[in-house]
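Beneath this line is the structure, given in structure tokens, with notes to follow.
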Amino acid sequence: MSSERDPADTVALRAIAPEPAPDRDPASREPSARRGSRFTRPGVVTATAVLLTVGIGAGLLWARDDGAGPATGSGPEIRTVAVTRTDLAGTREIQGTLGYTAPRTVRGPAEGRTTWFAAQEKTVERGQPLYRVDERPAVVFYGSTPLYRRLDTVGLTGRDVQVVADNLKALGYDIGSQPSPGARIQPSAPPAGEPSAADRQEGERREAPAAEGSSGTPGSPGSEESGALSSDATDATGSSSSGASAEGPDAAPPPVTVGEGDGVLTSSLISAIRRWQPTVGMEPTGVLEVSDVVVTQAAVRVGEVLVQPGDEAAADLMTVTSTTKSVTVPVEALDIGSIKRKQRVTVVLPDRSTATGRVTAISSVVQSDQDSESRPGRTRINVSVSLDDPQAVKGFDSAPVQVQFEAESRKDVLAVPVGALLALREGGYALRLAEGRLVPVETGMFSEGLVEISGGGVTEGMKVETTA
């Protein structure tokens with residue numbers, strides 16, 4: 001086969017392959033025959049392996065056009081293929097880190113000494129102790145609001161009380177009814193120098209233990225009267241039924257309105273607290289201290305214990321994480337626009353096995369890399385990926401992984417092997433037909449060794465030459 005075209009009209013593609021940009025990550029220049037192609041911007045390909053392959057093929061075709069014919073053993077063989085119509089899907093691969101999510105440091109109370117910790121890597125669920133200080137347990141409750149005060153007075157209202165109510169109910173305790181949002185509540189206030197309402201009620205219970213759960217007076221922790229507050233509870237207008245003076249040091253606190261999401265520390269709820277406490281090793285006082293409960297979003301896994309039994313408790317005691325694993329991927333800020341929530345990904349594990357997942361979150365915090373001269377480097381945004389099957393990564397607690405994002409796709413396009421491309425000296429690309437004629441083409445997407453092409457005179461089924 002021969003051609004009358006001047007051989008200077010074409011050059012080997014490898015001769016014009018651009019040098020990798022110096023400010024790109026070296027990992028983005030690694031050739032990967034396994035994944036097909038890599039994109040750093042929409043429509044721009046930096047797959048060095050692809051370019052070198054095309055360069056070899058184009059160089060060989062240029063030599064044949066020179067009339068010398070292919071040199072035996074000097075390069076890949078030339079074969080003829082047909083232009084095909086197909087769908088192309090691209091991927092981009094970025095390194096990420098597999099690990100347990102939502103790490104958190106748990107700090108101990110201001111006083112006391114640590115005496116026990118849940119074992120490392122143990123899962124601690126609702127109602128189970130996480131650690132002990134002076135042998136008093138700190139128990140996991142689920143919620144979003146931590147305890148921020150001592151819960152000891154009938155009528156206390158707030159989201160922290162609701163956390164206690166929700167968890168005791170979930171653990172199977174009868175907490176009675178809760179006032180509805182908008183209700184007016186009159187909190188109790190003991191006279192100066194006297195114990196709180198909960199302490200008084202506990203003393204009464206100890207004097208008459210048989211009264212609990214039977215015929216206790218309304219407002220006592222032992223009473224099962226649903227929603228009982230105390231003898232100081234207000235009516236719907238907020239006026240005190242006890243007749244307490246609104247002035248003076250012993251006056252009751254002002255009434256409060258139950259807000260959306262608020263719980264109320266009723267007598268029934270105090271009674272439920274008192275029944276629950278002995279099951280976790282607490283004295284049945286009906287009172288909860290701030291340090292008695294560690295509020296988490298869900299069950300937690302003990303990551304690392306930071307102190308020893310006997311150490312002062314006023315310190316960072318341990319780290320906990322969620323019980324599920326996910327992948328965190330730092331993506332350059334300029335590339336983040338091509339990644340969307342719920343986007344499908346494939347995670348390549350260190351043993352080369354794979355797991356599928358989806359993008360669940362894209363951080364709004366931009367992090368800046370710094371080079372050796374402390375100048376601003378590339379900016380990155382963390383992307384979180386959840387896994388479809390957690391069992392697929394059960395052999396790894398933490399590991400570097402490669403995350404393949406499904407990038408742009410092309411439907412019903414004409415494509416040829418990348419080895420069929422010839423780089424023209426004046427710029428652009430062409431295909432050599434089986435009879436020797438060159439046909440200029442426009443290139444589109446590269447994927448798995450194929451390249452999208454278009455141009456006048458290019459049709460499906462057309463026979464073109466490519467490297468073998």
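Checked options Thr356, Val401, Val345; the residue passing with Val385 is Val345 (criterion: side chain to side chain contact (heavy atoms under 4.5 Å, CB included)). When the options Glu135, Arg132, Arg136 are evaluated for a side chain to side chain donor-acceptor pair (under 3.5 Å) with Thr115, the one that passes is Glu135. Of the candidates Ile362, Val331, Val365, Ile362 is the only one forming a side chain to side chain contact (heavy atoms under 4.5 Å, CB included) with Ile381. Screening Leu168, Ile175, Asp292 against Ile273 for a side chain to side chain contact (heavy atoms under 4.5 Å, CB included) leaves a single residue, Leu168. For the side chain to side chain contact (heavy atoms under 4.5 Å, CB included) with Leu130, the qualifying choice from Thr296, Val139, Val124 is Val124, the only one to do so.
Note on Asp87 versus Arg410: no salt bridge recorded, every NZ/NE/NH1/NH2 to OD/OE distance being 4.0 Å or above. Comment: Arg344 engages Asp388 in a salt bridge, judged by a side-chain N to carboxylate O separation of less than 4.0 angstrom.
Rounded to the nearest 0.5 angstrom, Glu283 CD and Arg274 CZ are separated by 13.0 Å. One finds the CZ atom of Arg159 at 6.0 Å from the CG atom of Asp262 (value rounded to the nearest 0.5 Å). The CG atom of Leu288 lies 9.5 Å from the CD1 atom of Ile270; values are rounded to the nearest 0.5 Å. To the nearest 0.5 Å, the span separating CZ on Arg113 from CG on Asp311 amounts to 7.5 Å. To the nearest 0.5 Å, atom CZ of residue Arg104 and atom CE of residue Met318 are 11.0 Å apart.
Without hydrogens or angle criteria, Thr360 side chain to Ser384 main chain gives a donor-acceptor distance under 3.5 Å. Of the possible polar contacts, one joining the Lys325 side chain to the Phe396 backbone as a donor-acceptor pair under 3.5 Å is found. Panel note: side chain Gln178, backbone Val264; a donor-acceptor pair is recorded below 3.5 Å. With hydrogens and angles disregarded, a donor-acceptor distance shorter than 3.5 Å links the side chain of Gln186 to the backbone of Pro253. With hydrogens and angles ignored, the 3.5 Å screen pairs a side-chain donor or acceptor of Gln277 with a backbone N or O of Gly286. Although no hydrogens or angles enter the test, the distance criterion places no donor-acceptor pair under 3.5 Å between the side chain of Thr84 and the main chain of Thr86. Between the Thr157 side chain and the Gly155 main chain, a donor and an acceptor come within less than 3.5 Å of each other. Between the side chain of Asn167 and the backbone N or O of Val163, at least one donor-acceptor pair lies under 3.5 Å. A donor-acceptor pair under 3.5 Å is formed between the side chain of Thr466 and the backbone N or O of Ala420.
Pro330 is not listed as a side-chain neighbour of Gln367, based on a closest heavy-atom distance of 4.5 Å or more. Thr321 is not listed as a side-chain neighbour of Val300, based on a closest heavy-atom distance of 4.5 Å or more. Contact check for Met445 versus Val451: no side-chain heavy atoms found under the 4.5 Å cut-off. Between Val383 and Val327, every side-chain heavy-atom pair lies at or beyond the 4.5 Å cut-off. Two residues are said to be in side-chain contact when any heavy atoms from C-beta on lie closer than 4.5 Å; Leu98 and Pro350 fail this criterion. In this structure, the side chains of Arg149 and Leu156 come closer than 4.5 Å at one or more pairs of heavy atoms. Residues Val106 and Val320 have side chains in contact (heavy-atom distance under 4.5 Å, counting atoms from C-beta outward). Using a 4.5 Å heavy-atom threshold, the side chains of Leu317 and Thr114 count as touching.
Contact between Leu147 and Val295 at its shortest, heavy atoms only, is N-CG2, 4.2 Å. When all heavy atoms of Asp174 and Ala272 are compared, the pair lying nearest together is O-CB, 3.6 Å.
Within the structure, the ring pair (Phe, Tyr, Trp, His ring centres under 6.0 Å) test picks out the following pairs touching residues 102-144 (sequence neighbours left out): Phe141-Trp276.
With no hydrogens or angles considered, a side-chain donor-acceptor pair links Ser322 and Thr101 at under 3.5 Å.
Heavy-atom neighbours of Glu442 CD from other residues, nucleotides or ligands within 6.0 Å: at or below the threshold of 12.
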Please step through side chain to side chain contact (heavy atoms under 4.5 Å, CB included) for the pair Tyr100 and Thr323, ending with a clear verdict.
CA-CA 7 Å; Tyr100 287 96; Thr323 58; 5.6 Å; no
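When the salt bridge (charged side-chain N to carboxylate O under 4.0 Å, His left out) test is applied to Glu111, no partner is found at least two apart in sequence or on another chain.
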